[in-house]
Visitor: 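Please see the structure below; I have some questions.
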Amino acid sequence: MTAVLARPSQLGQIERASAMELPRNGKKQPLIVPVGGGKPKAYTRVTTYIDCLEDKSNLGHYDERYVLAGVALQPTMLNRVMGLNPDDNEDKKVYKQVAARAKATAGQQNKADRGSHLHDLSEYVDRGEALPACSEVDVLDMAAYKIATAMLDVKHIEQAVVVDENKTAGTPDRVSEYNGLDPDGEPAGNLITDLKTGSVEYGAQKMAMQLADYSRGKLYDPSRFPVDVEDEAAFAAWKKTEFTAEQAAAAYSELPNVNQRWGLIVHLPAGTGQCTVYWINLAEGWRGVELAGEVRAWRNTKVMRPFLPA
């Protein structure tokens with residue numbers, strides 16, 4: 001079965017992601033050497049940048065369900081919060097810890113881990129490599145993935161992208177070429193492509209913004225600026241390093257004429273053996289990214305001052 005999933009025609013043709021992950025600061029912000037050179041700067045994750053426009057009500061309900069499910073499975077967790085004050089800052093920390101434990105008990109993290117696992121397996125398929133040892137359910141999911149994406153020619157896998165215009169950085173799952181027409185009747189060409197293993201019932205606008213931002217960026221190779229992030233002294237010194245404009249330029253390259261009107265969402269619900277590909281409107285997505293920029297700027301506006309009688 002695994003041999004059937006390989007794409008031998010693509011072997012050696014796909015740009016592989018750098019083995020080095022983007023270095024990050026304590027706030028998990030990617031540290032990027034700017035286009036013109038200089039010290040590494042904290043850029044905003046693409047998902048964080050656009051987060052200000054997301055309706056989080058469904059996410060809140062999702063968390064609530066898992067907290068209650070975890071407590072139902074292990075009621076003794078309630079003993080830790082008995083008598084605590086939900087408005088007290090120290091007690092809030094305990095509530096947060098118990099809620100996190102309850103969600104873990106109910107298996108919320110399992111879904112995220114399962115999604116990461118399928119992302120990893122999909123790379124084997126797209127690189128034309130046989131799958132590693134995995135379950136029959138995994139093989140069925142990957143077979144569905146291969147069939148649904150058979151018309152796509154993968155060009156890049158997990159390559160970091162930096163958008164200097166709004167100082168964001170992230171990693172699209174794929175850049176894929178489609179030799180057909182997009183919904184506007186124009187040649188589709190190269191498309192930002194993202195794999196989603198959870199529900200896509202909600203959050204389409206956020207996905208459109210995310211992919212739209214990627215499409216306006218440049219490929220960034222962090223291996224040009226190697227650093228051992230586990231070595232605190234070396235990492236601290238690296239963050240103070242002034243890189244030249246020439247060094248910075250070598251880390252950036254253009255995306256391969258990516259379609260900025262449309263992208264693709266590959267929906268592979270974990271464990272279903274079903275996969276569906278959707279067009280997603282990046283023109284509208286970019287409008288949302290610009291709006292997010294305005295919202296973020298407005299949030300830094302001071303609108304309150306002390307009352308001083310004249």
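All values below come from the heavy atoms of this structure, side chains included, with hydrogens, waters and symmetry mates left out.
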Visitor: If two hydrophobic side chains count as joined below 4.5 Å and joins carry through other members, does Val200 share a cluster with Ile192?
Guide: yes
Visitor: Which pair of non-hydrogen atoms, one from Ala248 and one from Pro34, has the smallest distance, and what is that distance?
Guide: CB-O, 3.2 Å
Visitor: Quick one: pull up CD in Gln210 and CG in Asp51 and give me the separation to the nearest 0.5 Å.
Guide: 11.0 Å
Visitor: Under 4.5 Å between any side-chain heavy atoms of Pro23 and Trp238, yes or no?
Guide: yes
Visitor: Which atoms form the tightest heavy-atom contact between Ala208 and Leu282, and what is the distance?
Guide: O-CD2, 3.8 Å
Visitor: Any link between Leu191 and Val161 through a network of hydrophobic side chains (Ile, Leu, Val, Met, Phe, Trp, Tyr) touching at under 4.5 Å?
Guide: no
Visitor: Using the rule side chain to side chain donor-acceptor pair (under 3.5 Å), only one of Lys28, Gln29, Lys27 pairs with Asn25; which is it?
Guide: Gln29
Visitor: Is the number of heavy atoms from other residues, nucleotides or ligands within 6.0 Å of CD (Gln205) greater than 12?
Guide: no
Visitor: Nearest 0.5 Å, please: how far is CZ in Arg45 from OG1 in Thr171?
Guide: 9.5 Å
Visitor: What residues form a side-chain contact (heavy atoms from CB on, under 4.5 Å) with Lys167, not counting sequence neighbours?
Guide: Tyr43, Asp164
Visitor: If hydrophobic clusters are built from ILVMFWY residues whose side chains come within less than 4.5 Å, do Leu121 and Val266 share one?
Guide: yes
Visitor: What pairs with Tyr178 under ring-ring contact (aromatic ring centres under 6.0 Å, His included), at least two apart in sequence or on another chain?
Guide: none
Visitor: Keeping His156 on the side-chain end and Pro256 on the backbone end, is there a donor-acceptor pair under 3.5 Å?
Guide: no
Visitor: Could you state the interatomic distance from CD (Gln260) to OG (Ser215), rounded to the nearest 0.5 Å?
Guide: 4.5 Å
Visitor: Please give me the minimum heavy-atom distance between Val154 and Ser176, naming the atom from each residue.
Guide: CG2-OG, 4.0 Å
Visitor: Hydrophobic clustering (ILVMFWY, side-chain heavy atoms < 4.5 Å, transitive) - are Leu219 and Leu31 grouped together?
Guide: no
Visitor: Looking only at heavy atoms, which two atoms of Leu181 and Pro187 are closest? And how far apart?
Guide: CD2-N, 3.8 Å
Visitor: So does Lys92 pair up with Asp87, basic N to acidic O under 4.0 Å?
Guide: no
Visitor: Can you see which heavy atom on Met142 is nearest to which on Ser122, and at what distance?
Guide: SD-N, 3.5 Å
Visitor: Look at Lys218 together with Glu254 and state whether they make a salt bridge at an N to O cut-off of under 4.0 Å.
Guide: yes
Visitor: Which pairs count as salt bridge (charged side-chain N to carboxylate O under 4.0 Å, His left out) when at least one residue sits in residues 168-186, sequence neighbours excluded?
Guide: Asp126-Arg174, Lys155-Glu177, Asp182-Arg261, Asp184-Arg261
Visitor: Is it true that a side-chain atom of Thr272 and a backbone atom of Gln274 form a donor plus acceptor pair closer than 3.5 Å?
Guide: yes
Visitor: Passes side chain to side chain contact (heavy atoms under 4.5 Å, CB included), Tyr95 versus Leu84? Steps please.
Guide: CA-CA 9 Å; Tyr95 278 107; Leu84 296 186; 3.8 Å; yes
Visitor: Below 30° counts as parallel, above 60° as perpendicular, anything between as tilted: where do the rings of Trp279 and Trp262 land?
Guide: perpendicular
Visitor: In the hydrophobic cluster built from side-chain contacts under 4.5 Å, what are the other members alongside Val295?
Guide: Tyr49, Ile50, Leu53, Met209, Trp286, Val289, Leu291
Visitor: Taking atom CG of Asn85 as the centre, report whether more than 12 heavy atoms of other residues, nucleotides or ligands fall under 6.0 Å from it.
Guide: yes
Visitor: Run the side chain to side chain contact (heavy atoms under 4.5 Å, CB included) test on Ile32 and Leu22 for me, step by step, so that the C-alpha distance in whole Å, both residues' side-chain angles and the decisive distance to 0.1 Å come before the verdict.
Guide: CA-CA 8 Å; Ile32 303 296; Leu22 288 172; 3.8 Å; yes
Visitor: What pairs meet the side chain to side chain donor-acceptor pair (under 3.5 Å) rule with one or both residues in residues 68-84, with sequence neighbours excluded?
Guide: Gln74-Arg101, Arg80-Gln97
Visitor: I want to check something: taking the side chain as every heavy atom from C-beta on, are Leu255 and Gln159 in contact at a cut-off of under 4.5 Å?
Guide: no
Visitor: Can you tell me if His119 uses its side chain to pair, donor with acceptor, with the backbone of Leu195 under 3.5 Å?
Guide: yes
Visitor: May I ask whether Ile280 and Tyr278 are part of the same hydrophobic cluster, defined by side-chain heavy atoms of I, L, V, M, F, W, Y residues being less than 4.5 angstrom apart, directly or through others?
Guide: yes
Visitor: Looking only at the side chains, is there a donor atom on one of Asp213 and Asn166 sitting less than 3.5 Å from an acceptor on the other?
Guide: yes
Visitor: Does Lys93 pair with Asp91 as a salt bridge, N-O distance under 4.0 Å?
Guide: no
Visitor: Would you sort out whether Arg127 and Ile157 count as a side chain to side chain contact (heavy atoms under 4.5 Å, CB included), showing the intermediate values?
Guide: CA-CA 9 Å; Arg127 287 174 176 154; Ile157 297 176; 3.6 Å; yes
Visitor: How close do Val227 and Ala234 get, heavy atom to heavy atom, and via which atoms?
Guide: CG2-O, 4.2 Å
Visitor: Would you check if the side chain of Tyr214 reaches a backbone N or O of Val162 as a donor-acceptor pair within less than 3.5 Å?
Guide: no
Visitor: Enumerate the side chain to side chain donor-acceptor pair (under 3.5 Å) contacts for residues 299-310, please, sequence neighbours excluded, ordered by first and then second residue.
Guide: none
Visitor: For Ala188, does its backbone N or O pair with a side-chain atom of Asn259 as donor and acceptor, under 3.5 Å?
Guide: yes
Visitor: Do the side chains of Arg114 and Asp138 get close enough for a salt bridge, i.e. N-O under 4.0 angstrom?
Guide: yes
Visitor: What I want to find out is whether Arg287 reaches Glu284 closely enough, with some N-O distance under 4.0 Å, to be called a salt bridge.
Guide: yes
Visitor: Give the C-alpha distance, both sets of side-chain angles, the deciding distance and a yes or no for side chain to side chain contact (heavy atoms under 4.5 Å, CB included) between Val258 and Val175.
Guide: CA-CA 8 Å; Val258 165; Val175 176; 4.2 Å; yes
Visitor: Any side-chain heavy-atom pair from Lys39 and Phe243 closer than 4.5 angstrom?
Guide: no
Visitor: Would you call Ile265 and Val277 a side-chain contact if the rule is heavy atoms closer than 4.5 Å?
Guide: no
Visitor: So, taking the atom named CG in Leu118 and the one named SG in Cys275, what distance separates them when rounded to the nearest 0.5 Å?
Guide: 10.0 Å
Visitor: Report, as yes or no, whether the 6.0 Å neighbourhood of atom CD on Glu242 holds more than 12 heavy atoms from other residues, nucleotides or ligands.
Guide: yes
Visitor: Would you mind telling me which of Asp194, Thr193, Leu264 makes a side chain to side chain contact (heavy atoms under 4.5 Å, CB included) with Leu211?
Guide: Asp194
Visitor: Donor-acceptor pair, distance only, cut-off 3.5 Å: does the side chain of Thr149 make one with the backbone of Tyr145?
Guide: yes
